[in-house]
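Numbered from 1 within each chain, the chains take letters A, B, ... in sequence-line order.
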Protein chains: 2
Amino acid sequence: MVQKNKLQYIILGLLSEHELTGYDIAKAFTADIGEFWNANHSQIYPLLKRLETAGLITHQLSITGEKLEKKVYSLTAAGQAQLQEWLHEPTTELTASKDEFILKLYFIQDAHDPSLQPMLTEQLLLHQAKLVHLQKQMTRKFADKASQLANYGHYLILQHAIDREQGYADWLTATLKNVD
Amino acid sequence: MVQKNKLQYIILGLLSEHELTGYDIAKAFTADIGEFWNANHSQIYPLLKRLETAGLITHQLSITGEKLEKKVYSLTAAGQAQLQEWLHEPTTELTASKDEFILKLYFIQDAHDPSLQPMLTEQLLLHQAKLVHLQKQMTRKFADKASQLANYGHYLILQHAIDREQGYADWLTATLKNVD
DNA sequence: TTAAAACATGTAATTAAATACACGTTTAAG
DNA sequence: CTTAAACGTGTATTTAATTACATGTTTTAA
């Protein structure tokens, strides 16, 4: 089984939890999973159609208010099977994280380059802000043990995102100390 | 200045250190910067042409052996300027790192899912192997303080890659403890 | 009550990226 | 000496992803 086009599996995965509209799916990327994957609606809507013709999902129309039509998508048995297949395949590729700042840093050869310090400080602020944001999410969504176990995967990856940002911030802080 | 197409800046950056062939540039992605960006030669060669017509780089032919022609590229003043401009622009976008494993994890709701433990173990092995590889690079390339300072940016990002892998492995280990 | 924000769904066009095709040379190891 | 690996440069095709275009409804806050 050649498993490419990860987005399709993300959609299947999201639909395995709740039924969702395309709009809902697009929102999911600005929220939690946005830390680990991105997609915008112009990619999502056509893919939903393709997944439906492939028999992996179906939709039913729902009217909000007077005439606003929503397509509420849900998984079919085939879709559920496809999702499980993906989930249980080994994940051997470690995709390179595209980090523009790191690249810039790579091209600063001189340890005493005056732009080094402001660059690092700027990034530190960014990552600290993100860290705070993620920590707020954590307390809001997973305050008690019960809620952690109820949606364990989500809890785990949020923890990982926090760890990652903390690690990034720590590295920046340590580097800043050596710079001046 | 709209700075998109990061690859062009990576090429400019690489050329600011040494003159290089397209082949050399492609190799750079399998080595050090491959941790933070990827590109293959079919993307690189056409871009080199575009950068040359834009006046940012030039090349001179070099013959290896009897007839193997290499195009050795180097930065022009305009290219150097363009690179500096990019380097000194603020880097405000934190690109989502596309991590397929994390996504799979997200869709495992049940904390007692039997596939959780093997999945985590598999990833741990992967990241530990990568960590060892990076640490070897570090001792090989930056054993002494002098070599660290000589190519400071490179040293920094290698350290960051190590920290990142260590953090990833730590998180996996901690998660594994809570799983069984 | 009205305007802005959020909801909702699509297509078109462009650019980035990956994969495959295609060809030839040089070097190093057996 | 021969062959495999590495060196070296390109194009073509396909797929993924982004940005822009396009349109309309509902809800919420001023």
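A sub-4.0 Å separation between OP1 or OP2 of dT9(C) and a side-chain N or O of Y45(A) is present. For K71(A) and dG10(C), the shortest distance from a side-chain N or O to OP1 or OP2 is below 4.0 Å. Put simply, T21(A) has no side-chain N or O that comes within less than 4.0 Å of OP1 or OP2 on dC7(C).
Looking at F142(B) and Q159(B), their side chains never come closer than 4.5 Å, going by heavy atoms from C-beta outward. At a threshold of 4.5 Å between non-hydrogen side-chain atoms, the residues F107(B) and I10(A) count as touching. Put simply, the side chain of L14(B) reaches to within 4.5 Å of the side chain of Y106(A), judged on heavy atoms.
Here the P atom of nucleotide dT9(C) and the CD1 atom of I44(A) are 11 Å apart, to the nearest Å. Rounded to an integer number of Å, the gap from CG of L51(A) to P of dA16(D) is 12 Å. What separates OH of Y9(B) from P of dA16(C) is a distance of 11 Å, to the nearest Å. Distance, H59(A) NE2 to dG10(C) C1': 13 Å, rounded to whole Å. A straight line from CD of Q8(B) to P of dT15(C) spans 13 Å, rounded to a whole angstrom. The distance between atom CG of L7(A) and atom C1' of dA17(C), rounded to the nearest whole Å, is 16 Å. Computed from coordinates, the I11(B) CD1 to dA17(C) P distance equals 11 Å when rounded to whole Å.
Panel note: side chain Q123(A), backbone I102(A); no donor-acceptor pair is recorded below 3.5 Å. A side-chain donor-acceptor contact under 3.5 Å links E52(A) to the backbone of H59(A). Panel note: side chain T30(A), backbone A26(A); no donor-acceptor pair is recorded below 3.5 Å.
Of the candidates dA8(C), dG10(D), dT9(D), dG10(D) carries the atom nearest the K49(B) side chain, counting heavy atoms from C-beta on.
Residues in residues 18-28 of chain A take part in these side-chain hydrogen bond (donor to acceptor under 3.5 Å, both in side chains) pairs, two or more places apart or across chains: T21(A)-D24(A).
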One character per nucleotide, please: for nucleotides 18-30 of chain C, 5' to 3', B when the base has a protein heavy atom closer than 4.0 Å, S when only the sugar-phosphate does, - otherwise. BBB---BSSS---

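Residues forming a salt bridge (charged side-chain N to carboxylate O under 4.0 Å, His left out) with K141(B) (at least two apart in sequence, or on another chain): D32(B). Residues passing the salt bridge (charged side-chain N to carboxylate O under 4.0 Å, His left out) test with K71(A), sequence neighbours excluded: none.
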Which atoms of nucleotides 1-5 of chain C (N or O only) lie under 3.5 Å from a protein N or O atom, and what are those distances?
none

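Taking the six-membered ring for Trp and thresholds of 30 and 60 degrees, Y168(A) and W171(A) have ring planes more than 60 degrees apart, a perpendicular arrangement.
Under 3.5 Å, the side chains of S97(B) and D99(B) contain no donor-acceptor pair of N or O atoms.
Rotation axes derived from the C1' atoms of the five outermost pairs at either end of the helix from dT1(C)-dA30(D) to dG30(C)-dC1(D) lie 40° apart, to the nearest 10°.
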